[in-house]
Every structure is written in structure tokens, then in C-alpha cells.
Colleague: 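Handing you a structure now.
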Amino acid sequence: MTDRTAADLRRQIERTRHRLGVTVEELAARADVRGRTRARAADLMDRAGAMTVQLRSTASQAGYHMQERAGRAGHAVQERASRAGHAAQAKAGHTAQGRGGRARHAVQDAAARVGRTAQDHALHARHDLRDDVARAGRTAERSAPAPVREPVRFALRHPRPVVIVGAAAVALVAAGVIGRRRAKR
């Protein structure tokens, strides 16, 4: 019976040592704030990269669609003007033919101007959006906690609107995490 008790005690000691080792590893992982912060920053950078791709794609598609719509509108107006010019030429005969041709050209020119204006507006809207995002990034850099300033600066050195927005999001998340930690103290 003594052997069994000694064997039981050894097994119990081994189990206790194993549990103690696991507990020590968990405590060491919790105490490694720097490592957890780096892992969290890497995760946030990955998210920012994904947001960058998504926002860049969305902005590009929006610009393309605006230009496409403007071009279609210009072509539609030109087509209508051409039909109207032909109809006017047929009705008015040879004398009115010169006037109809001039009217058709005037309408075509106006349609082309409208199309170019719509494309210019789409382009300006795209640039304004980039400026707004850059401004938000600079604000995020100024208000970012010290551990997050480096990713924010990276985003500002590479002025793609989506990168700046992603860095701003990283700064906000990090500020929230740091604020919660300070509130717990």
C-alpha cells in the first residue's frame, strides 16, 4: 500500500507541476505587453491593408462609373442632336440644311461640353475625397498615442487615401485599447 501511495503522490506531484508550468506560461504571456502590442499592431496593419484595397477599389469604381455615365450622357445628347438635325434638314429642305447642320453642330458641341464638365466634376470629387482623407490622417497622427504614431506616419508618407484611413482606424483602436487599460488601473 505504501508503493501505491508513493506512486499516487508522484503522479499528483507531476500533475501539479504540469498545471503550475501551464499557469506560469499563461502569466508570462500576459506579462508580455510588448509582444501582445506588436501582435495587435500587426493584426491592425493587416486590417488596414485590407481596408486600403477595398477603399481604393471602391474609389476607382466610383470614378470609372462617373466617367462612364458622363460619356454615355454626352453620346446620348449627341445622338439626339444628330437625329434632330437630320429631321430639321429633311423638313426645311436645302435652304434650311445649312441651318440644321449648324444647329446640329451647336448641339453636339454643347453635349460634348456637358460630358466634359461631368467628367471634370467626377475628377474634382475624387480629388476632394483624397484631400479629406489626407486631412483626417494628419489629424489622426497628431492625436495618436505614441505606440501608433509610426504606422500613422507611414500612411502619411504613402499618401493613398485608403492607407491614411486605415492608419486613422488603427490609431482610434489603439487609443481605445490604451484608454481601457488606463481606466482599469
Side-chain angles (χ1 to χ4, degrees), residues 38-145 147-177 179:
R38 285 181 179 164
R40 180 74 175 150
D43 181 46
L44 291 174
M45 289 299 285
D46 288 344
R47 286 186 188 175
M51 286 175 57
T52 299
V53 170
Q54 183 180 6
L55 289 175
R56 185 182 301 141
S57 173
T58 303
S60 176
Q61 284 178 342
Y64 174 76
H65 288 302
M66 288 300 290
Q67 288 177 348
E68 188 178 319
R69 285 181 186 173
R72 279 194 306 242
H75 290 297
V77 170
Q78 285 178 346
E79 185 65 31
R80 287 181 191 154
S82 178
R83 279 192 230 126
H86 288 298
Q89 286 175 355
K91 287 181 183 178
H94 185 11
T95 312
Q97 192 172 13
R99 292 181 188 158
R102 285 191 299 270
R104 186 183 75 209
H105 288 296
V107 171
Q108 285 176 341
D109 290 344
R113 278 195 304 275
V114 167
R116 285 192 300 273
T117 302
Q119 287 176 343
D120 288 345
H121 284 300
L123 187 63
H124 287 297
R126 194 169 167 190
H127 289 298
D128 289 345
L129 176 65
R130 283 184 182 167
D131 292 343
D132 290 345
V133 170
R135 227 176 286 118
R138 287 190 296 274
T139 302
E141 179 188 10
R142 281 188 229 112
S143 62
V148 182
R149 285 196 183 126
E150 193 59 36
V152 172
R153 284 189 190 120
F154 172 80
L156 290 175
R157 280 192 306 261
H158 300 83
R160 294 184 181 105
V162 181
V163 173
I164 294 171
V165 169
V170 168
L172 290 174
V173 169
V177 169

Colleague: Sequence neighbours excluded, which residues qualify as salt bridge (charged side-chain N to carboxylate O under 4.0 Å, His left out) partners of R116?
Modeller: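 Residues passing salt bridge (charged side-chain N to carboxylate O under 4.0 Å, His left out) with R116: none at all.
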Colleague: Which residues pass the side-chain hydrogen bond (donor to acceptor under 3.5 Å, both in side chains) test with E68, not counting sequence neighbours?
Modeller: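 Y64, R72.
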Colleague: Going by salt bridge (charged side-chain N to carboxylate O under 4.0 Å, His left out), name the residues that satisfy it together with R40, two or more places apart in sequence or in a different chain.
Modeller: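 With sequence neighbours excluded, R40 shows a salt bridge (charged side-chain N to carboxylate O under 4.0 Å, His left out) to D43, given in chain and number order.
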Colleague: Once you round to the nearest 0.5 Å, how far does OG1 of T52 lie from CE of M45?
Modeller: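 It is 8.5 Å, given to the nearest 0.5 Å.
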